[in-house]
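Here is the structure we will look at.
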Amino acid sequence: LPPVVLAASSPAKKYLGRDAFDIAGVTAQVDSGAEDDRVSLLDLQYRMAPAIAAVVSRLSYQGRLRSAEGAGRPSGVIPIADPWAGQSVLFVDTSDLGPVCIPDPRPGSYSRANLLHAFFALHLTGELQKGGVAEIALTTPYRAQSRLVNALLGKPRSDEPVRAATIHRFQGSERDVVLVDLTDAPPAKGPSQLTDRNPDLARRLLNVAMSRARWKLIVLGPFDFLLRRASLNGPLREVLGLFQEHGSRWRPQAAELAGARSGELEWLGDWTASAQRIAAELDLAESGLIVNWPGGLPALPDVVSALRRACSRVGSASKIFAPLPLAREFEETPAEIRLMERPVGFFAQVAADRLIFGGTEAHHLFGMVRGKDSVAAALAFLHPEGEVGVKVDAQAQHALDSRCGRCTECGDFRRPRPVAGGAWALACKNRRHGEMPIDAAEFAALISLLGPRCSQCQGSLKLRQRKSGQVWLA
């Protein structure tokens with residue numbers, strides 16, 4: 001891997017950010033297919049099973065890497081260990097499970113995390129250990145995901161059987177089984193520089209990650225999303241093709257995982273299958289409740305009723321994030337209602353040591369984790385302390401509905417929308433339907449109807465406008 005350079009100066013980037021082979025022109029010479037007398041290719045490898053070596057060879061060594069006899073011979077019973085016993089190269093396609101990519105909440109960080117992937121990686125690790133595997137590595141390009149997994153593992157020592165770290169930290173190490181968590185998933189726009197957009201860096205990272213494995217290599221990611229968003233000629237698309245050629249692909253469904261347990265984790269199944277269990281857990285909530293309910297999940301009666309009871313019981317210590325149609329289900333409870341959903345998937349913290357989490361659609365996978373440390377680790381990404389948001393009273397939304405009226409074409413409530421020339425109009429979500437122009441005074445009056453308050457200081461938020469026409473609440 002290239003050096004990690006934090007300095008932004010041109011000399012630092014030019015010299016410290018490149019390795020000696022690159023600066024000397026060796027990399028360009030070899031990439032062009034020409035020989036270079038200054039280097040010799042070590043083309044015989046002993047570590048990896050031949051199927052793993054085939055992927056690595058095609059990705060980074062122009063197919064010239066050869067496997068010695070007995071390469072990748074396991075130290076234990078890995079060939080018969082699930083998942084997919086006997087397969088050395090496996091892509092676990094999480095497309096149907098609903099993984100959600102979460103930006104690192106730490107200030108100044110551009111890293112990413114994925115809660116479902118973190119828990120699913122630990123689930124796979126548990127299955128491998130049941131099969132007798134002694135050495136397992138969980139690696140990812142992202143520091144935030146590594147931090148999350150280590151927090152869920154309880155920060156194990158480096159000499160323990162299961163170790164989690166970034167790809168950079170794993171360079172030079174090897175394990176019988178390596179699980180590479182790509183982490184990227186919706187709602188991110190696509191892979192990052194670490195996995196695709198910086199082709200040279202991404203190729204090196206993927207090469208180092210996959211070549212740590214002796215006998216079994218597992219890559220975790222939403223195949224459909226990655227294939228759709230990967231660069232046309234980038235290394236990630238190439239890896240996806242190589243896995244299809246040299247490995248197996250497993251696309252698990254929520255139904256086949258329902259009831260499975262691993263340590264503090266239990267998989268509940270899809271939204272409908274999880275409803276009774278979620279309702280039962282909500283009925284146990286006593287002192288503090290946080291729920292994030294994405295708009296793509298239907299308002300199942302059992303869950304809605306249980307959440308109403310929980311909010312009435314817990315009182316003002318309960319908080320619900322939900323879009324307006326769902327929020328109306330709970331407007332008569334004492335809960336604090338935020339008329340938005342956090343882009344992190346469903347979650348419900350029903351106690352300090354119990355958290356239910358899942359995706360954004362009904363067919364996605366939902367799970368439950370017990371344990372204060374695990375719940376705290378997950379909430380650090382799902383609901384960071386001190387986050388700023390706009391608190392709006394649900395009753396005020398009714399006043400806004402009445403004043404804005406409904407679209408005469410589709411019947412949906414109108415809302416203020418920016419239109420050409422910096423003006424505003426009342427319109428529904430369908431841009432093809434008619435608009436009703438409004439002036440600045442009417443726009444300000446509509447905002448004041450909501451009576452928005454800052455979630456940190458509870459002060460009233462006022463409408464402000466820049467010379468450019470941009471408006472915001474502060």
> Is the shortest heavy-atom distance from the side chain of L307 to the side chain of L289 under 4.5 Å?
Replying inline: yes
> For the residue pair E256 and Q253, what are the closest heavy atoms and their distance?
Replying inline: OE2-N, 2.9 Å
> Does NZ or CZ of R147 come closer than 6.0 Å to the centre of the six-membered ring of F381, within 45° of the ring's axis?
Replying inline: no
> With no hydrogens and no angle check, is any side-chain donor or acceptor of S88 less than 3.5 Å from a backbone partner on W215?
Replying inline: yes
> Any side-chain heavy atom of Q349 sitting closer than 4.5 Å to one from H383?
Replying inline: no
> So, does E341 use its side chain to make a donor-acceptor pair with the main chain of G295 at under 3.5 Å?
Replying inline: yes
>> Tell me every residue that passes side chain to side chain contact (heavy atoms under 4.5 Å, CB included) with Q276, counting only those two or more places apart in sequence or in another chain.
In response: D302
> What is the minimum heavy-atom distance between L153 and L122, and which atoms define it?
Replying inline: CD2-CD2, 3.5 Å
> Hey, what do you get for CZ (R203) to CG (N198), rounding to the nearest 0.5 Å?
Replying inline: 11.5 Å
>> Let me confirm one number: the CG-CD distance from D176 to E135, rounded to the nearest 0.5 Å.
In response: 5.0 Å
> side-chain contact (heavy atoms from CB on, under 4.5 Å) between F170 and V208: does it pass, once the steps are laid out?
Replying inline: CA-CA 8 Å; F170 261 121; V208 169; 5.8 Å; no
> Side chain of D96, backbone of A254: donor and acceptor closer than 3.5 Å?
Replying inline: no
> Could you state the interatomic distance from CD (Q145) to NE2 (H117), rounded to the nearest 0.5 Å?
Replying inline: 8.0 Å
> side-chain contact (heavy atoms from CB on, under 4.5 Å) between M210 and V239: does it pass, once the steps are laid out?
Replying inline: CA-CA 10 Å; M210 295 188 298; V239 166; 4.2 Å; yes
For residues 222-237, please give each side-chain donor-acceptor pair under 3.5 Å, one per line with the distance, not counting sequence neighbours.
from, atom 1, to, atom 2, distance (Å)
D224, OD1, R251, NH1, 3.3
D224, OD2, R251, NH1, 3.1
D224, OD2, R251, NH2, 2.7
R229, NH1, K189, O, 2.3
S231, OG, D196, OD2, 2.7
R237, NE, S231, O, 3.1
R237, NH1, L227, O, 3.4
R237, NH2, L227, O, 2.8
R237, NH2, A230, O, 3.0

>> Go through it in stages, so that I can follow the logic: the residues are E264 and D373, the test is side-chain contact (heavy atoms from CB on, under 4.5 Å), and I'd like the CA-CA distance, side-chain angles, deciding distance and then a yes or no.
In response: CA-CA 11 Å; E264 298 177 332; D373 291 342; over 6 Å; no
> Are the side chain of T183 and the backbone N or O of A113 linked by a donor-acceptor pair below 3.5 Å?
Replying inline: no
> Any side-chain donor paired with an acceptor under 3.5 Å for D93 and S95?
Replying inline: yes
>> Quick one: does any side-chain atom of T166 pair with a main-chain N or O of R143 as donor and acceptor, under 3.5 Å?
In response: no
> What is the minimum heavy-atom distance between N114 and P99, and which atoms define it?
Replying inline: ND2-CB, 3.6 Å
> W267 versus L97: any side-chain heavy-atom pair under 4.5 Å?
Replying inline: no
> Counting distance only, does the side-chain N/O of R277 pair as donor-acceptor with the main-chain N or O of M368 below 3.5 Å?
Replying inline: no
> Which atom names give the shortest non-hydrogen contact between R197 and P191, and what distance separates them?
Replying inline: CD-O, 3.3 Å
> If you measure from CG on N207 to OH on Y61, what distance do you get to the nearest 0.5 Å?
Replying inline: 4.5 Å
> Would you say L220 and V180 make side-chain contact, with heavy atoms under 4.5 Å?
Replying inline: no
> Roughly how far, to the nearest 0.5 Å, is CZ of R370 from CD of E281?
Replying inline: 5.5 Å
> Heavy atoms, side chains only, cut-off 4.5 Å: are N292 and L382 in contact?
Replying inline: no
> Do K216 and I52 come within less than 4.5 Å of each other through their side chains, counting heavy atoms only?
Replying inline: no
> Do other residues, nucleotides or ligands put more than 12 heavy atoms under 6.0 Å from L42 CG?
Replying inline: no
>> Go through it in stages, so that I can follow the logic: the residues are S192 and Y110, the test is side-chain hydrogen bond (donor to acceptor under 3.5 Å, both in side chains), and I'd like the CA-CA distance, side-chain angles, deciding distance and then a yes or no.
In response: CA-CA 10 Å; S192 72; Y110 295 95; over 6 Å; no
> Under 3.5 Å, side chain of W293 to main-chain N/O of I320, donor-acceptor pair present?
Replying inline: no
> Looking only at side chains, do D184 and Y142 share a donor and an acceptor under 3.5 Å apart?
Replying inline: yes
>> Using 0.5 Å steps for rounding, measure from the CG atom of L194 to the OG atom of S111.
In response: 7.5 Å
> Just wondering, do P187 and V100 contact through their side chains at under 4.5 Å, heavy atoms?
Replying inline: yes
> Between R212 and T139, is any pair of side-chain heavy atoms under 4.5 Å apart?
Replying inline: no
> Can you list the steps and then say if V92 with I218 is a side-chain contact (heavy atoms from CB on, under 4.5 Å)?
Replying inline: CA-CA 7 Å; V92 179; I218 302 173; 3.6 Å; yes
> Is the H123 to F120 ring centre distance short of 6.0 Å?
Replying inline: yes
> What is the minimum heavy-atom distance between L152 and A118, and which atoms define it?
Replying inline: CD1-CB, 3.9 Å
>> If we ignore hydrogens and angles and just use 3.5 Å, is the side chain of Q45 paired with the main-chain N or O of R47 as donor and acceptor?
In response: yes
> What's the shortest heavy-atom distance between A144 and R112, and which atoms?
Replying inline: CB-O, 3.3 Å
> Are H364 and F346 close enough that their ring centers fall under 6.0 Å?
Replying inline: no
